Trainee: 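First the structure, which I've put down as structure tokens, then a few questions once you've had a look.
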Amino acid sequence: MKICNMKDLEKALQPVMLGMVDQLTEQVYETLNYFLQEYYNSYDPKSYSRQFDFLQSAVKVEPKIKGNKVTASVFIDTDYMDNYYNATGSQVAQWANQGLHGGLNTGSNTPHVWDDTMKTTIENGELLNLAIDYLKSKGFSVRN
């Protein structure tokens with residue numbers, strides 16, 4: 001492909017950016033699911049049966065091109081969790097991010113689901129390193 005202007009460059013880079021964003025999104029999604037599982041593992045309720053809706057609430061939206069950007073999303077679908085007694089899905093997710101089960105501190109080693117996901121992917125530089133490695137694997141020279 002001959003690149004004569006910025007539009008040509010954008011078009012040439014789109015497949016690389018789609019692949020990179022897909023890989024980064026998958027890493028966040030896998031990490032979120034890890035912490036959701038750890039959240040479930042940290043407490044064994046005696047007074048109710050789990051529905052496992054929160055465990056299955058992680059959503060990954062595939063990368064899309066929007067203008068000259070590639071975007072994707074990973075989130076907890078709080079609307080999916082509509083069968084909790086006296087709590088909304090949003091409240092359950094907020095409690096889980098505070099290390100609480102049903103709003104209670106159970107004294108267990110409960111992860112803070114979303115915050116721990118962000119610490120383990122973004123704040124520690126993991127996603128940046130994955131992006132750099134991905135670009136290098138596609139033949140780009142990247143300085144960090």
Side-chain angles (χ1 to χ4, degrees), residues 1 3-45 48-106 108-144:
M1 167 182 263
I3 298 174
C4 299
N5 55 44
M6 288 304 290
K7 272 220 177 297
D8 291 345
L9 180 59
E10 279 180 29
K11 189 172 182 171
L13 289 176
Q14 281 179 349
V16 173
M17 297 306 293
L18 279 168
M20 182 181 73
V21 171
D22 185 52
Q23 187 177 70
L24 301 178
T25 305
E26 181 63 26
Q27 184 61 41
V28 174
Y29 180 73
E30 288 176 12
T31 304
L32 176 58
N33 278 297
Y34 169 81
F35 283 114
L36 284 167
Q37 185 63 59
E38 287 300 301
Y39 176 81
Y40 271 77
N41 292 345
S42 71
Y43 181 65
D44 184 19
Y48 63 90
S49 295
R50 287 182 160 161
Q51 300 295 315
F52 297 98
D53 287 353
F54 185 47
L55 180 63
Q56 300 164 358
S57 67
V59 175
K60 177 181 86 164
V61 177
E62 299 298 321
K64 293 181 180 82
I65 298 168
K66 292 184 178 182
N68 62 354
K69 297 178 183 178
V70 176
T71 63
S73 301
V74 174
F75 62 94
I76 295 170
D77 184 356
T78 57
D79 292 336
Y80 177 75
M81 302 180 286
D82 63 358
N83 64 351
Y84 286 96
Y85 181 73
N86 283 338
T88 64
S90 180
Q91 183 63 64
V92 170
Q94 288 173 8
W95 285 333
N97 199 43
Q98 296 167 348
L100 306 174
H101 288 272
L104 303 172
N105 185 343
T106 61
S108 58
N109 189 19
T110 305
H112 295 209
V113 175
W114 189 254
D115 286 348
D116 288 351
T117 298
M118 294 298 96
K119 286 178 189 171
T120 307
T121 56
I122 296 172
E123 292 174 23
N124 72 355
E126 179 183 8
L127 286 187
L128 177 60
N129 289 332
L130 280 172
I132 290 168
D133 291 345
Y134 185 87
L135 291 171
K136 285 180 178 178
S137 77
K138 299 299 178 189
F140 289 88
S141 176
V142 181
R143 291 180 279 183
N144 48 343

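Counting begins at 1 with the first residue of the sequence. Computed from a predicted structure; not experimentally measured.
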Trainee: Would you kindly say whether S90 and T78 are connected by a side-chain donor-acceptor distance under 3.5 Å?
Mentor: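 T78 and S90 do not have a side-chain donor-acceptor pair below 3.5 Å.
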Trainee: Indicate yes or no for a side-chain donor-acceptor contact from D116 to the backbone of P111 under 3.5 Å, with no hydrogens or angles considered.
Mentor: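 No, because the side chain of D116 does not come within donor-acceptor range (under 3.5 Å) of the backbone of P111.
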Trainee: Tell me, do I76 and M81 make a side-chain contact under 4.5 Å, heavy atoms counted?
Mentor: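 In short, these two side chains touch, coming nearer than 4.5 Å.
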Trainee: Could you check if a side-chain atom of V28 sits within less than 4.5 angstrom of a side-chain atom of T117, using non-hydrogen atoms only?
Mentor: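 Of all side-chain heavy-atom pairs linking T117 with V28, at least one is under 4.5 Å.
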Trainee: Can you find a heavy atom in the side chain of Y40 that is under 4.5 Å from one in the side chain of Q37?
Mentor: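 Y40 vs Q37: side chains touch.
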Trainee: Closest approach of K136 and V142, non-hydrogen atoms and distance?
Mentor: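 Taking every non-hydrogen atom into account, CE-O, 3.5 Å.
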Trainee: Keeping the roles fixed (side chain from D22, backbone from L18), state whether a donor-acceptor pair exists under 3.5 Å.
Mentor: no
Trainee: Can you list everything that forms a ring pair (Phe, Tyr, Trp, His ring centres under 6.0 Å) with Y39? Sequence neighbours excluded, please.
Mentor: F54, H101
Trainee: Starting at CG of L13, measure out to CG of N68 and round the result to the nearest 0.5 Å.
Mentor: 11.0 Å
Trainee: Could you measure the distance from the CD1 atom of I65 to the CD atom of E10? Nearest 0.5 Å is fine.
Mentor: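 The CD atom of E10 is 10.0 Å from CD1 of I65, to the nearest 0.5 Å.
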Trainee: Can you check whether M20 reaches V70 side chain to side chain, under 4.5 Å on heavy atoms?
Mentor: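 No, their side chains stay 4.5 Å or more apart.
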Trainee: Only counting residues at least two apart or in another chain, list the ones meeting side-chain contact (heavy atoms from CB on, under 4.5 Å) with K138.
Mentor: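 Here the qualifying residues are V16, Y134, F140.
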Trainee: With a 4.5 Å heavy-atom cut-off, do L36 and L32 have their side chains touching?
Mentor: yes
Trainee: Let me confirm one number: the NE2-CD distance from H112 to Q98, rounded to the nearest 0.5 Å.
Mentor: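 These two atoms lie 8.0 Å from each other.
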Trainee: Look at atom CG of N109 and say whether more than 12 heavy atoms of other residues, nucleotides or ligands are closer to it than 6.0 Å.
Mentor: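 Atom CG in N109 is not crowded, with 12 or fewer foreign heavy atoms closer than 6.0 Å.
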Trainee: How long is the gap from CD1 on I122 to CG on L128, to the nearest 0.5 Å?
Mentor: 11.0 Å
Trainee: Against L127, only a single residue in I132, L24, T31 fulfils side chain to side chain contact (heavy atoms under 4.5 Å, CB included); can you say which?
Mentor: L24
Trainee: Determine whether a donor-acceptor pair (N or O, by modelled atom type, separation under 3.5 Å) exists between the side chain of N33 and the backbone of Y29.
Mentor: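 Answer holds: yes.
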Trainee: Are the side chains of E26 and Q23 in touch, meaning some heavy atoms are under 4.5 Å apart?
Mentor: no
Trainee: Rounded to the nearest 0.5 Å, what separation is found between the NZ atom of K119 and the CZ atom of F35?
Mentor: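 That separation rounds to 9.0 Å.
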Trainee: Which heavy atom in T25 sits nearest to a heavy atom in S73, and how many Å separate them?
Mentor: CG2-O, 3.9 Å
Trainee: Is K64 paired with E62 through a side-chain N to carboxylate O contact shorter than 4.0 Å?
Mentor: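 Answer for the salt bridge query: no.
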